[in-house]
Amino acid sequence: MDNKKLLIDLVDWTTDIVSVSTPLLNALGIPITPQSSIIFGKTAKFLMSLGFTEVVHDINTRHLSSMQMEKVDDVTKATIRALYRKIEKKGWDETHPESDQYIQNAIEYAEDILCKAMNESRKKKREVLGNYLGTTLYTINISKPNWENIFYLSSLLDKLTLRQIVITKLIANHFEQLIDDKDDLNCITNKVVISEVKELSIQNIWIGLISRQPDPTYLALPLKYILPTDIAVELSAAVDEVFHDYTDDVIN
């Protein structure tokens, strides 16, 4: 399915979910079953309720290059997949009340990330942005969101390199399976990665185990020294199982 056709079909959700579910499930790489069609229908209704289709329609009417359209398409697909997986695992309460201001914030948030994607050169990073959008749209629907925090975190995610995003996930998981309790010598030694990790500290992604850094950390940065913050845990939702291969590359 070409990119423009996908965006048109997204808008067609508002008129006929059943007829577009099969081609869209195919485009998303989701097996077509009676259950997946039901979940997709809920996903479509969820995104319509938050004005996502309005944003997609607006972007579709702009004069975009084929490359820009492809970038928007990458984020759109990743958003739908992420939301589909959330609804598949946890369900969705269709009676959740949304105020006009809530809907407006959701629309602005979706447009903000889709516009960021048009300036993102790396496909995998665009998929991260879409995954994060789908995940956060689901999360804010079951909580009382702080929209200023949400917009800030999306801006922070946009600034981070793809490797920094994966490292944030590793930090949030306390470098699971990389640290031996009996071994304090597991360190980051790649000089560029050390620089990237130190930048994450400036963004309050992690803090040091002790107030004074081991000297000299520009030569090696001990993994046990790096402790995650709440921001790291929240941002790590942007990296899920679909990024295992790239995560392995970063670990290596």
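Just so you know, these numbers come straight off a predicted model, no measurement behind them.
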Can you sort out the partners of Lys125 under side-chain hydrogen bond (donor to acceptor under 3.5 Å, both in side chains), two or more places apart, ordered by chain and number? none
Not counting sequence neighbours, which residues clear side-chain contact (heavy atoms from CB on, under 4.5 Å) with Tyr152? List them please. Leu156, Gln203
Show, in sequence, the C-alpha distance, side-chain angles and deciding distance for Leu83 and Trp92, and conclude whether the side chain to side chain contact (heavy atoms under 4.5 Å, CB included) test is met. CA-CA 10 Å; Leu83 188 53; Trp92 172 50; over 6 Å; no
Ring pair (Phe, Tyr, Trp, His ring centres under 6.0 Å) filter on Tyr84, not counting sequence neighbours, yields none
Between Thr76 and Leu114, is any pair of side-chain heavy atoms under 4.5 Å apart? yes
Does anything in residues 55-68 pair up under salt bridge (Lys or Arg N to Asp or Glu O under 4.0 Å), and if so which pairs, sequence neighbours excluded? Asp58-Arg62, Arg62-Glu111
CG on Asn141 to OG1 on Thr136, rounded to 0.5 Å: 11.5 Å
Using modelled atom types only, decide if a donor and an acceptor are shared between the side chain of Trp206 and the backbone of Val197 within a distance under 3.5 Å. yes
Spell out, as yes or no, whether a donor-acceptor pair under 3.5 Å connects the side chain of Asn252 to the backbone of Asp248. yes
Answer yes or no: is there a donor N or O on one side and an acceptor on the other, between the side chain of Arg126 and the main chain of Val72, under 3.5 Å? no
Is Thr79 reaching over with its side chain to a backbone N or O of Gly130, donor-acceptor style, under 3.5 angstrom? yes
Please answer: with hydrophobic residues joined when any side-chain heavy atoms are less than 4.5 Å apart, are Ile205 and Ile207 in the same cluster? yes
Looking only at heavy atoms, what is the nearest atom pair of Asp112 and Ser154, with distance? OD2-OG, 3.4 Å
Approximate separation, where rounding is to 0.5 Å, of Thr168 OG1 and Ile231 CD1: 10.5 Å
Got Pro228 and Phe175 here, is their nearest side-chain heavy-atom distance under 4.5 Å? no
Minimum side-chain heavy-atom gap Phe52-Ile107 below 4.5 Å: no
From Ile30 CD1 over to Ile39 CD1, what is the distance, rounded to the nearest 0.5 angstrom? 8.5 Å
Taking side-chain contact (heavy atoms from CB on, under 4.5 Å) as the definition, give me every residue that meets it alongside Glu176, ordered by chain and number, with sequence neighbours left out. Asn173
Is there side-chain contact between Ile226 and Leu200, with heavy atoms separated by less than 4.5 Å? no
Tell me whether the count of non-hydrogen atoms from other residues, nucleotides or ligands lying under 6.0 Å of CG in Asp230 goes above 12. no
Separation of Arg81 CZ from Glu127 CD (nearest 0.5 Å): 7.0 Å
Results of side-chain hydrogen bond (donor to acceptor under 3.5 Å, both in side chains) for Gln104 - residues two or more places apart only: Glu108
Same cluster or not: Met67 versus Leu129, using hydrophobic residues (I, L, V, M, F, W, Y) connected whenever any side-chain heavy atoms lie under 4.5 Å apart? no
Apply side-chain contact (heavy atoms from CB on, under 4.5 Å) to Val233 and list each qualifying residue two or more places apart in sequence or on a separate chain. Ala172
Contact between Leu170 and Thr247 at the side-chain level, heavy atoms closer than 4.5 Å - yes or no? yes
Which residue pairs pass the salt bridge (Lys or Arg N to Asp or Glu O under 4.0 Å) test when at least one of the two sits in residues 156-170, sequence neighbours left out? Arg163-Glu196
Within a strict 4.5 Å, meaning less than it, do heavy atoms of the Ile194 and Asn190 side chains meet? no
Could you tell me whether a side-chain N or O of Asn105 sits under 3.5 Å from a main-chain N or O of Gln101, the two making a donor and an acceptor? yes
Using every non-hydrogen atom in the two residues, find where Leu133 and Ala110 come nearest and quote the distance to one decimal. CD1-CA, 4.0 Å
Under the side-chain contact (heavy atoms from CB on, under 4.5 Å) test, which residues partner Ser121, sequence neighbours left out? none
Indicate the atoms forming the closest heavy-atom contact of Ala117 with Val75, along with that distance. CB-CG2, 3.1 Å
Which heavy atom of Ile150 sits nearest to which heavy atom of Pro145, and what is that distance? CD1-CB, 3.5 Å
Can you run down the ring-ring contact (aromatic ring centres under 6.0 Å, His included) pairs that involve residues 106-151, sequence neighbours left out, and say none if there aren't any? Tyr102-Trp147, Tyr109-Phe151
Main-chain N/O of Asn204 paired with Thr229 side-chain donor or acceptor, under 3.5 Å: yes
Mind checking the CG-CG spacing from Leu221 to Asn186? Nearest 0.5 Å is all I need. 12.0 Å
Beyond-backbone contact of Ser65 with Glu70, side-chain heavy atoms, under 4.5 angstrom: no
Residues Arg85, Glu88: salt bridge by 4.0 Å N-O rule: no
Which pairs with one or both residues in residues 26-36 pass side chain to side chain donor-acceptor pair (under 3.5 Å), sequence neighbours excluded? Thr33-Ser36
Kindly compute the distance separating NZ (Lys71) from CG (Asp74), expressed to the nearest 0.5 Å. 9.5 Å
hydrophobic_cluster_shared for Ile103 and Ile59, side chain cutoff 4.5 Å: yes
Cluster link Ile167 to Ile251, ILVMFWY, side chain under 4.5 Å: yes
Report yes if the side chains of Phe40 and Ile87 come closer than 4.5 Å at any heavy-atom pair, otherwise no. no
Looking only at heavy atoms, which two atoms of Tyr246 and Val166 are closest? And how far apart? CD2-CG2, 3.5 Å
